[in-house]
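Just below is one structure, and these are the notes that go with it.
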Amino acid sequence: LTIIFNLVIIIMVLKSKEKNYTDLLFMSMACADFFIGLISIPSHLVDIWFDSRWSLGYSLCMIWLIQDYSSCTVSLVNLVLISLQRLRLIVTPMKASEKMSTSKYIMILLVWPATYIPWGISILIISASNNLHERCTLISKFIFVLFANFFGYVLPSIFIVILNLLTIYFLRKKTKKFPANNNLTKNAIKSASLNPSSQNPTTLQTESNSNALSSAKTTTLISTPKINISKEKKALICLIVIATFVVACFSTFIVVWPLAAYCSSCVSLIVFQVSTMTIYFHSTLNPIILVIFHEKFRQKLKEIFNFFIKK
């Protein structure tokens, strides 16, 4: 299901004629979740099946560990960038743009090597000093686990929470600001349309044109942010739901992993395995939440269904 759901999101974005920055970030996150479904979940199930005694060789263990820890971090970093972009669209709408540029393409692409290279090098170094032929896991070096856990999972999760809280704060400020101005504009337009009979034709025509022009300008200035606010609210709801589930899914592993590295007898094998599966669970939830709460992806899914139904 994780593979299929995320593949659908990737296809939706690729087939979309109007791809923006946020769409491509969602696609990048879906790619990371796709690899979790393709490699991490099957490998973890095999590990559970053999009672955590790895029997598929050292090379496959390295592939699983590097891909597993890296993809989870890539997914989180993409969510950080999506949250940052949503905040910028609300705080500085004139400067923030959803249109793609060379720097944005580079930013999206750089997330992958910037995540995979540090994880890959550190895992290979740690594995060289530990026997991972029997157990394919990274819980033997507490200092490594502490730093890797903080920079790989804790720090991105903190950024996600802070950015979304700031977005909610600034969005509420803008929501309170514009309705009052909009009501004044409506009253001005209404009063201008009710009093034309009291003026002579020349004055009426001049003032009518003036009122129409000023009303049009005022309405444009006020209604445009209002439309954007309404749109941002819907997008923010989708983002908050995803962020909430992601942080909730990662929170268990963030606590259990360093605890198991510090005191292996304090954490049972089942607890560690369950905490790992909760991380994988977010990769299945992300595309489902996108389709349910994001209007654009929901519409694209309907188009795909209609296409197959007509066939």
Is I123 linked to F151 within one hydrophobic cluster, defined over Ile, Leu, Val, Met, Phe, Trp and Tyr using a side-chain heavy-atom separation of less than 4.5 Å?
-> yes

Under 6.0 Å from the CZ atom of F159, do we count more than 12 heavy atoms belonging to anything else shown?
-> no

Would you indicate whether the side-chain heavy atoms of Y105 and L24 approach each other to under 4.5 Å?
-> yes

Mark yes or no for whether D68, through its side chain, and W64, through its backbone, hold a donor-acceptor pair below 3.5 Å.
-> no

Do L166 and S83 have side chains that get closer than 4.5 Å, going by heavy atoms?
-> no

Check: S275/W257 side-chain N/O donor and acceptor closer than 3.5 Å | no

Where do V74 and C31 land on the side chain to side chain contact (heavy atoms under 4.5 Å, CB included) test, with the steps shown first?
-> CA-CA 9 Å; V74 168; C31 288; over 6 Å; no

OG1 of T167 to CD of Q85, rounded to nearest 0.5 Å, is 10.5 Å

Please name the pair of heavy atoms, one in S157 and one in V247, separated by the smallest distance, quoted to 0.1 Å.
-> O-CG2, 4.3 Å

How about Q273 and S268: do any of their side-chain heavy atoms sit closer than 4.5 Å?
-> no

Kindly say whether D33 contributes a backbone atom to a donor-acceptor pair with the side chain of N286 at under 3.5 angstrom?
-> no

Please report the closest heavy-atom contact between T2 and G37, naming both atoms and the distance.
-> CG2-CA, 3.8 Å

Any Y69 side-chain heavy atom under 4.5 Å of L65 side chain = yes

Least distance between heavy atoms, P156 atom then V80 atom = O-CG2, 3.5 Å

Kindly indicate whether the side chain of Y280, heavy atoms from C-beta on, has any atom under 4.5 Å from the side chain of S40.
-> yes

Are any side-chain N or O atoms of K19 and backbone N or O atoms of L14, one a donor and one an acceptor, separated by less than 3.5 Å?
-> yes

Identify the heavy atoms of P42 and I39 that sit nearest to each other, and give their distance.
-> CD-O, 3.4 Å

Walk me through it: do D23 and N20 pass the test side chain to side chain contact (heavy atoms under 4.5 Å, CB included)?
-> CA-CA 5 Å; D23 291 341; N20 59 38; 3.0 Å; yes

Mind checking whether I36 and V274 sit in one hydrophobic cluster, side chains of I, L, V, M, F, W, Y counted as touching below 4.5 Å?
-> no

Check the pair F272 / T276 against side chain to side chain contact (heavy atoms under 4.5 Å, CB included), numbers first and verdict last.
-> CA-CA 6 Å; F272 186 79; T276 305; 4.0 Å; yes

Test log, rule side chain to side chain contact (heavy atoms under 4.5 Å, CB included), inputs I41 and H44 | CA-CA 5 Å; I41 295 176; H44 187 64; 5.7 Å; no

Using the side chain to side chain contact (heavy atoms under 4.5 Å, CB included) rule, pick out the option among V154, L81, L155, I160 that qualifies with L76.
-> I160

Please examine the side chains of K99 and Y21, heavy atoms only from C-beta on, and report whether any two atoms are closer than 4.5 Å.
-> no

Without placing hydrogens or testing angles, list every side-chain donor-acceptor pair under 3.5 Å for residues 106-116, not counting sequence neighbours.
{"residue": "W112", "atom": "NE1", "partner": "S28", "partner atom": "OG", "Å": "3.0"}
{"residue": "T115", "atom": "OG1", "partner": "V111", "partner atom": "O", "Å": "2.7"}
{"residue": "Y116", "atom": "OH", "partner": "S71", "partner atom": "OG", "Å": "2.8"}

Mind checking the CG-CZ spacing from N164 to R86? Nearest 0.5 Å is all I need.
-> 10.5 Å

Correct closest heavy-atom pair for A30 and I10 would be CB-CG1, 3.9 Å

How many angstroms lie between atom CZ of R172 and atom CD1 of I90, to the nearest 0.5 angstrom?
-> 13.0 Å

Would you check if the side chain of N149 reaches a backbone N or O of V145 as a donor-acceptor pair within less than 3.5 Å?
-> no

Taking the side chain as every heavy atom from C-beta outward, state whether S43 and V46 have any pair of such atoms under 4.5 Å apart.
-> no

Same apolar cluster: I143 and L259, side chain cutoff 4.5 Å = yes

Group every Ile, Leu, Val, Met, Phe, Trp and Tyr by side-chain heavy-atom contacts under 4.5 Å, then state whether F170 and L84 land in the same group.
-> yes

Minimum side-chain heavy-atom gap M27-I9 below 4.5 Å = no

Look at the side-chain heavy atoms of Ile, Leu, Val, Met, Phe, Trp and Tyr, link any pair under 4.5 Å apart, and say whether W119 and Y58 land in one connected group.
-> yes

To the nearest 0.5 Å, atom CD1 of I288 lies from atom CZ of F5 at 4.5 Å

